[in-house]
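A quick write-up on the structure given underneath.
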Amino acid sequence: MCRHLAYLGPAVPIQQLLVEPPFGLYRQSWAPRSQRHGTVNVDGFGVGWYADGDEVPARYRRAGPIWADRSFADLARVVRTRALLAAVRSATPGCADGESAAAPFAAGRWLFSHNGALPGWPERYDKAAAALPPAELLALEARSDSALVWALVLHRLRAGAPPGEALAHAVQALAGHGEARLNLLLTDGTSIAATAWGDTLFHRTEGTRTPEGTGPDHGGSVLVASEPGDDGPGWIPVPDRSLLIADRSGVDVHPIRAT
Ligand code: GLN
């Protein structure tokens with residue numbers, strides 16, 4: 001199982017979100033503290049972030065471990081962002097290796113990550129995959145379970161479903177086919193939707209909106225992460241089988257029912 005994280009808030013260097021926290025995503029690539037499956041996350045990593053004035057995010061992905069990439073260290077130090085989604089990967093059996101299988105997956109203004117696995121992939125999921133038109137199956141970003149989950153979510157988003165509904169629908173469509181683990185994370189740079197379904201998930205909000213501080217560099221921030229990046233206060237665990245919806249003004253969590 002991989003580890004992933006999304007952030008919305010005032011502009012900060014990427015390094016501050018991923019590398020500086022003592023137990024943050026960078027360290028989680030070799031020493032996650034609460035990962036339920038797998039041990040290390042060295043089969044690739046990716047960061048997607050939003051620059052001011054451009055609703056389509058940039059992505060930086062690599063096939064190897066995050067700590068071995070000196071270019072990432074430079075980038076993380078100088079690039080500042082108000083919205084980001086990042087993941088470190090532990091590939092599960094049967095899934096492709098390489099950069100194209102590393103999250104975040106992207107389409108237009110969306111960034112997506114899957115922390116989990118579809119045991120019995122791919123045979124056991126042919127019925128779920130049949131919900132997609134052939135052209136969308138041929139356009140899978142990688143030969144991996146996560147790319148199929150992303151294609152199902154994107155299909156719903158393109159049909160006009162709100163992000164939370166698109167995630168919950170994918171969980172419901174896939175959970176019935178076996179012991180699927182489906183912690184999903186989705187952002188468009190202004191809101192975050194996430195599911196907890198088989199592994200840990202936490203959120204932390206900081207600050208509140210004030211009359212003098214409603215601009216993009218003021219107001220609250222929200223982090224949604226597989227596990228806390230530090231031992232500070234404010235991390236709230238998300239119950240398993242839940243859907244989380246967040247923006248800079250708050251977080252809502254609801255149960256998801258299996259169908
Ligand atoms: N199963 C996915 C992959 O192989 C996600 C991996 C994970 O969560 N460890 O990429």
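Both ligands and their constituent atoms are indexed starting at 1 by order of listing.
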- Query: Is Ala117 in polar range of ligand 1, meaning some N or O pair under 3.5 Å apart?
  - Reply: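 Not met; the criterion fails.
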
- Message: If you measure every N or O of Ala101 against every N or O of ligand 1, does any of those distances drop under 3.5 Å?
- Response: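 There is no such contact.
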
- For atom 1 (N) of ligand 1, state which one of Asp97, Leu182, Thr92 supplies the nearest heavy atom.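 Looking at heavy atoms only, the winner is Thr92.
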
- Message: Heavy-atom count check: over 12 atoms from other residues, nucleotides or ligands less than 6.0 Å from Arg33 CZ?
- Response: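 Yes, enclosed.
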
- Task: Pick one of side chain, backbone, both or neither for how Arg89 approaches ligand 1, counting any non-hydrogen atom pair under 4.0 Å.
- Result: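 Looking at Arg89 and ligand 1, just side chain atoms fall under 4.0 Å.
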
Atoms of ligand 1 less than 4.0 Å from [X] heavy atoms?
{"X": "Ser146", "value": "1 (N), 2 (C), 3 (C), 5 (C), 10 (O)"}
{"X": "Cys2", "value": "5 (C), 6 (C), 7 (C), 8 (O), 9 (N)"}
{"X": "Ala91", "value": "4 (O)"}
{"X": "Cys95", "value": "4 (O)"}
{"X": "Asn115", "value": "8 (O)"}
{"X": "His114", "value": "5 (C), 8 (O)"}

- Message: Tell me whether ligand 1 is touched by Ser144 - counting only heavy atoms on the residue side and a distance under 4.0 Å.
- Response: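 Checking ligand 1 against Ser144, which is what was asked, there is no heavy-atom contact under 4.0 Å.
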
- Name all residues meeting the side chain to side chain donor-acceptor pair (under 3.5 Å) criterion together with Arg204; count only those two or more places apart in sequence or in a different chain, and write none if there are none.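 Checked Arg204 against side chain to side chain donor-acceptor pair (under 3.5 Å); matches are Asp230.
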
- Task: Please identify each residue that fulfils side chain to side chain donor-acceptor pair (under 3.5 Å) with Ser34, with sequence neighbours left out.
- Result: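 Once residues adjacent in sequence are excluded, the partners of Ser34 under the side chain to side chain donor-acceptor pair (under 3.5 Å) criterion are Glu227.
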
- Query: Does the side chain of Leu148 come within less than 4.5 Å of Leu137's, by heavy atoms?
  - Reply: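 In contact.
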
- Message: Could you tell me if the side chain of Leu154 sits less than 4.5 Å from the side chain of Phe105, heavy atoms only?
- Response: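 The answer is no; the side chains never approach within 4.5 Å.
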
- Message: Under a 4.0 Å threshold between the charged nitrogen and the carboxylate oxygen, would Arg109 count as salt-bridged to Asp188?
- Response: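 Arg109 and Asp188: salt-bridged.
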
- Item | Short side-chain donor-acceptor distance under 3.5 Å, Arg3 and Thr200 |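 Their side chains do contain a donor-acceptor pair, which is all the 3.5 Å distance test asks for.
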
- Message: What I want to check is whether the side chains of Asp69 and Tyr60 have a donor and an acceptor closer together than 3.5 Å.
- Response: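 Yes, side-chain donor-acceptor contact under 3.5 Å.
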
